[in-house]
> 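Dropping the structure in here first, questions after.
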Amino acid sequence: MFEARLIQGSVLKKMIDAIKDIVTDINLDCSSTGISVQAMDSGHVCLVLIELGSDGFEPYRCDRNITLGLGLKALSVVVRCANNDDSITIKAQEGTDNINFVFESPNGEKTSQFEIKLMDIDSEHLGIPDTEYDSVVKMPSHEFQRICRDMSQLGDSIVVACTKDGIQFSASGDMGSGKINLRQSSLVDKEEDQINIELNDPVHLTFALRYLNYFTKATPLSPTVTLSLKAESPLCVTYPIGDFGSMKFFLAPKIDD
Amino acid sequence: LIRQRDISSFFPEI
């Protein structure tokens, strides 16, 4: 038996909105410690990794490790039927080919139940090692969204460069070019408005803006985002989910041949 | 020429 109740059902809605343009099917890997999802886009350019600890759910019950394959289209249709302040309970019995969703309003007056057929999704599982990054930049998520949106008006690619002077985003195309520089904040009122730049080594990488713009669909999940960069390695864009999980996007850099 | 590498080539399969 698997059962997990998320008090803030809106978090699940936001997670699905964040990935539905990148992946079509996902496996929910459920264990006693929580739920994880690993999925690649059809072109194998990026990888999505969602990790949700069991402490984010009340109750959480997972008697045996179970993998639940779901089509995102169906999942998206179902969670859209939940109100933002509803709790969402996910239930699956061993040996059945369905997953159940129960939505409950805060006062308990309205409950809704939906069922989705499980799918058998064949996906390769990759090991994501702990990496020592050259630079780790934490910034307001809406700022990153704005930069990606603005730069995509100029070109298809963005160059991200971290130096002791800060982080620079640049793009160029037929129309012209643009550069945006961010420096580490000195004094800000709210921690979420802070720009924090950790630099071990200067780093300079190029990425496809199309994918970064997909990733910024996760902006409603968190006021902050972290960009982890390493030479000739995938960029890791991390959105924390409350204090119990995260959504990470890995994007392979573009390489000059 | 700018090339986009396959993301799975960066991580080991398990």
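Naming convention: chains lettered A, B, ... in sequence-line order (proteins, then strands); numbering from 1 in each chain. In this text the structure is predicted, and so the values were computed from the model without any measurement. Just so it is clear, the values below take in all heavy atoms, side chains as well, and ignore hydrogens, waters and symmetry mates.
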> Rounded to the nearest 0.5 Å, how far apart are CZ of B:Phe10 and NZ of A:Lys230?
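It is 12.0 Å, given to the nearest 0.5 Å.
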
> A quick test of your reading: do over 12 heavy atoms of other residues, nucleotides or ligands sit less than 6.0 Å from CG of A:Asp21?
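Counting other residues, nucleotides and ligands, CG of A:Asp21 exceeds 12 neighbours.
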
> Do A:Leu126 and B:Ser8 come within less than 4.5 Å of each other through their side chains, counting heavy atoms only?
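The answer is yes; the side chains approach within 4.5 Å.
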
> Could you grab the distance from atom CZ of B:Arg5 to atom CD of A:Glu232, nearest 0.5 Å is fine?
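Rounded to the nearest 0.5 Å, the CZ-CD separation comes out at 8.0 Å.
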
> Could you walk me through whether A:Phe250 and B:Phe11 pass the side-chain contact (heavy atoms from CB on, under 4.5 Å) check?
CA-CA 11 Å; A:Phe250 294 88; B:Phe11 302 113; 3.8 Å; yes

> Does atom CD of A:Glu132 have more than 12 heavy-atom neighbours, drawn from other residues, nucleotides or ligands, at distances under 6.0 Å?
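Count not over threshold, so no.
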
> Counting heavy-atom pairs under 4.5 Å to chain B, which of A:Ser233, A:Pro253, A:Ala208, A:Pro129 comes out on top?
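Winner by heavy-atom pair count: A:Pro253.
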
> If you round to the nearest 0.5 Å, how far is CD of B:Glu13 from CD of A:Glu124?
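Between atom CD of A:Glu124 and atom CD of B:Glu13 there are 4.5 Å.
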
> More than 12 non-hydrogen atoms from neighbouring residues, nucleotides or ligands closer than 6.0 Å to CG on A:Asp243, yes or no?
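Atom CG in A:Asp243 is not crowded, with 12 or fewer foreign heavy atoms closer than 6.0 Å.
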
> If you round to the nearest 0.5 Å, how far is OH of A:Tyr211 from CD of B:Gln4?
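Reported value, rounded in 0.5 Å steps: 7.0 Å.
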
> Taking it one step at a time, do B:Ile7 and A:Leu47 satisfy side-chain contact (heavy atoms from CB on, under 4.5 Å)?
CA-CA 7 Å; B:Ile7 189 75; A:Leu47 177 102; 4.1 Å; yes

> I'd like to know whether NZ of A:Lys138 has more than 12 heavy-atom contacts from other residues, nucleotides or ligands below 6.0 angstrom.
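Open: at most 12 neighbouring heavy atoms sit under 6.0 Å from NZ of A:Lys138.
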
